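A short worksheet on the structure shown next.
Quick note on labels: first sequence line is chain A, next is B, and so on, each numbered from 1. Since the structure is predicted, the reported quantities are computational estimates derived from the model, not experimental observations.
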2 protein chains.
Amino acid sequence: MVDRAPVRTSDLREIPAFHSLPDAQVSSVAALMVRRHFAPGQIIFMEGDKSGAMWFVFSGRVKIIKQSLNGRIQGLCLMDRGKCFGGCSLFDMDHNPATAQALTEVTLFILPEQAVGQMGENDPNLVKVLLHIYSQRLEHLARVSEVLGSWTVADRINDCLLTYINRSVQPPVVDLTHEKLASLSGTVREVVTRHLSLLEKEGVVHNTSGHIIILNPDALLPPCAAESR
Amino acid sequence: MVDRAPVRTSDLREIPAFHSLPDAQVSSVAALMVRRHFAPGQIIFMEGDKSGAMWFVFSGRVKIIKQSLNGRIQGLCLMDRGKCFGGCSLFDMDHNPATAQALTEVTLFILPEQAVGQMGENDPNLVKVLLHIYSQRLEHLARVSEVLGSWTVADRINDCLLTYINRSVQPPVVDLTHEKLASLSGTVREVVTRHLSLLEKEGVVHNTSGHIIILNPDALLPPCAAESR
DNA sequence: GGTTGAATGTGACTCAAATCACGTTTGAGA
DNA sequence: TCTCAAACGTGATTTGAGTCACATTCAACC
């Protein structure tokens with residue numbers, strides 16, 4: 001699965017974490033990276049693995065999932081182009097807390113563990129990259145814990161719809177099955193189906209197989225956000 | 001509330017985030033800090049505030065809480081001596097995501113926003129302090145989201161008991177009312193009371209007013225952790 | 001176009017946990 | 001020791017959401 005094509009500086013430029021970095025450093029990081037390919041369904045790493053490598057999505061989509069004790073699989077998030085995942089052992093954790101699985105054909109850039117370690121030691125600019133990534137995660141986790149803790153299932157589904165909305169087409173659309181949406185919002189398919197039927201009755205969305213067309217995104221906003229508009 | 005007594009280097013040494021820092025730097029950080037005092041119940045900062053200052057608990061206990069839309073208050077965690085909170089706007093967030101309230105008499109050290117900003121610029125050693133704090137939070141949040149997402153209420157209550165157990169007395173004890181425990185574990189008082197009665201029947205804890213005596217801490221471990229013993 | 005497996009729709013049932021509504025105990029201070 | 005507010009105990013009721021079971025529709029591909 002290792003692709004011989006090297007990681008080009010211009011490729012890395014597409015990844016937000018490297019936007020603010022001088023060219024020289026981007027290319028030195030690029031030299032340390034490895035390009036890999038995964039087919040849909042392939043496991044990239046498993047919950048419990050000790051790898052501290054960091055993974056960057058160059059193309060395709062990766063699913064981060066977690067298996068709970070009762071055997072249900074909770075999707076944590078989807079990683080699209082430009083996103084970064086893994087590297088958890090750098091964050092004082094001794095193993096990966098979740099599993100990463102390719103959802104489509106994906107091309108990933110890997111920054112191996114020891115390379116990440118060195119980055120921190122040497123160069124304050126590179127530390128900023130790490131801080132940037134940290135920030136993203138903290139924000140995401142803060143959000144997840146807020147959402148799981150206080151919202152109802154209906155709100156969580158709405159939130160997922162807004163998170164994975166694709167506005168590049170008109171009207172905007174969410175390319176997820178009810179099944180996947182259920183997993184991402186921490187519930188089961190039937191509940192998603194029922195809630196989407198409700199939303200359809202209200203004229204907020206339109207259901208087609210495999211896609212959900214969003215007619216009125218604003219109606220999906222949680223009450224608090226709606227107030228502030 | 002500003003206390004004239006300066007923050008001493010030896011005071012900072014008590015805080016884990018500064019353990020690995022050379023003396024010279026600890027004292028330069030100490031010079032930037034301000035000591036403040038809060039009475040029980042006082043609000044330290046509110047959800048939505050934009051302050052990016054970081055707060056360190058020197059003595060006493062602070063409660064981090066979040067008000068959900070339905071008006072219920074969810075306690076996120078308690079901060080005891082040595083813990084750090086706040087500074088969220090440094091983490092790419094534009095406002096504090098939660099409220100901090102003094103639970104007892106507390107003495108806090110504040111590292112003002114611009115001081116934190118400078119730290120990152122200048123000294124790679126100080127950046128490690130930030131990374132340390134980041135790591136702690138990521139770990140905590142990862143835990144919270146795992147707990148909220150997959151565990152049952154009973155498991156969450158057990159988890160809270162273990163988190164806030166005070167082992168400095170024998171037998172160990174948890175100094176929280178059912179009400180506070182309910183808030184921390186994301187449920188309501190009645191459910192906590194009922195679950196604790198159960199645990200008492202099983203001989204795991206003993207209930208007294210305002211304190212819960214833990215007779216058998218191991219029995220509180222979740223199934224997964226229990227297996228690995 | 002007919003077959004097939006995935007995706008969706010829907011009713012009935014179940015259950016954990018929240019809510020409601022009390023009564024009882026506790027402990028600190030007048 | 002009396003009082004009162006806070007903390008605790010407990011039944012009855014409600015409900016959100018997960019589970020089960022099965023029917024229906026969709027889309028891809030020979």
(request) Output the single nucleotide from C:dT8, C:dA17, D:dT10 whose closest atom is nearest the side chain of B:Ser197. (result) D:dT10
(message) For A:Arg156 and A:Arg189, find the nucleotide of DNA chain D closest to each by heavy atoms; which residue's nucleotide sits nearer the 5' end?
(response) A:Arg156
(message) Can you tell me how the ring of A:Phe45 sits relative to the ring of A:Phe85, calling it parallel under 30°, perpendicular over 60° and tilted otherwise?
(response) tilted
(request) Check the distance between C:dT8's P and A:Ile157's CD1 and give it to me in whole angstrom. (result) 13 Å
(request) Find out whether the Lys NZ or Arg CZ of B:Arg36 is both under 6.0 angstrom from the six-membered ring centre of B:Phe109 and within 45° of the ring's axis. (result) no
(message) Return the OG1 to CD1 distance between A:Thr99 and A:Ile64, rounded to the nearest 0.5 Å.
(response) 8.5 Å
(message) Please pick, from C:dT8, C:dA18, D:dT10, the nucleotide with the shortest atom-to-atom distance to any side-chain atom of B:Val153.
(response) C:dA18
(message) Using five base pairs at each end to define the local axes, how bent is the helix from C:dG1-D:dC30 to C:dA30-D:dT1, to the nearest 10°?
(response) 30°
(message) Does a side-chain N or O of A:Thr152 approach OP1 or OP2 of D:dG16 to a distance below 4.0 Å, or not?
(response) no
(request) Decide yes or no, distance alone: a donor-acceptor N/O pair under 3.5 angstrom between the base of D:dC8 and the side-chain of B:Glu190. (result) no
(message) Can you tell me whether the side chain of A:Arg194 and the base of D:dG18 have a donor-acceptor pair closer than 3.5 Å?
(response) no
(message) By nearest atom, which of the nucleotides C:dA17, D:dC8, D:dA17 is closest to the B:Thr193 side chain?
(response) D:dC8
(request) Look at the side-chain N and O atoms of A:His178 and state whether any lies under 4.0 Å from the OP1 or OP2 oxygen of C:dG9. (result) yes
(request) Identify which nucleotide among C:dA18, C:dT26, D:dT10 has an atom closest to any side-chain atom of B:Ser209, counting heavy atoms from C-beta outward. (result) C:dT26
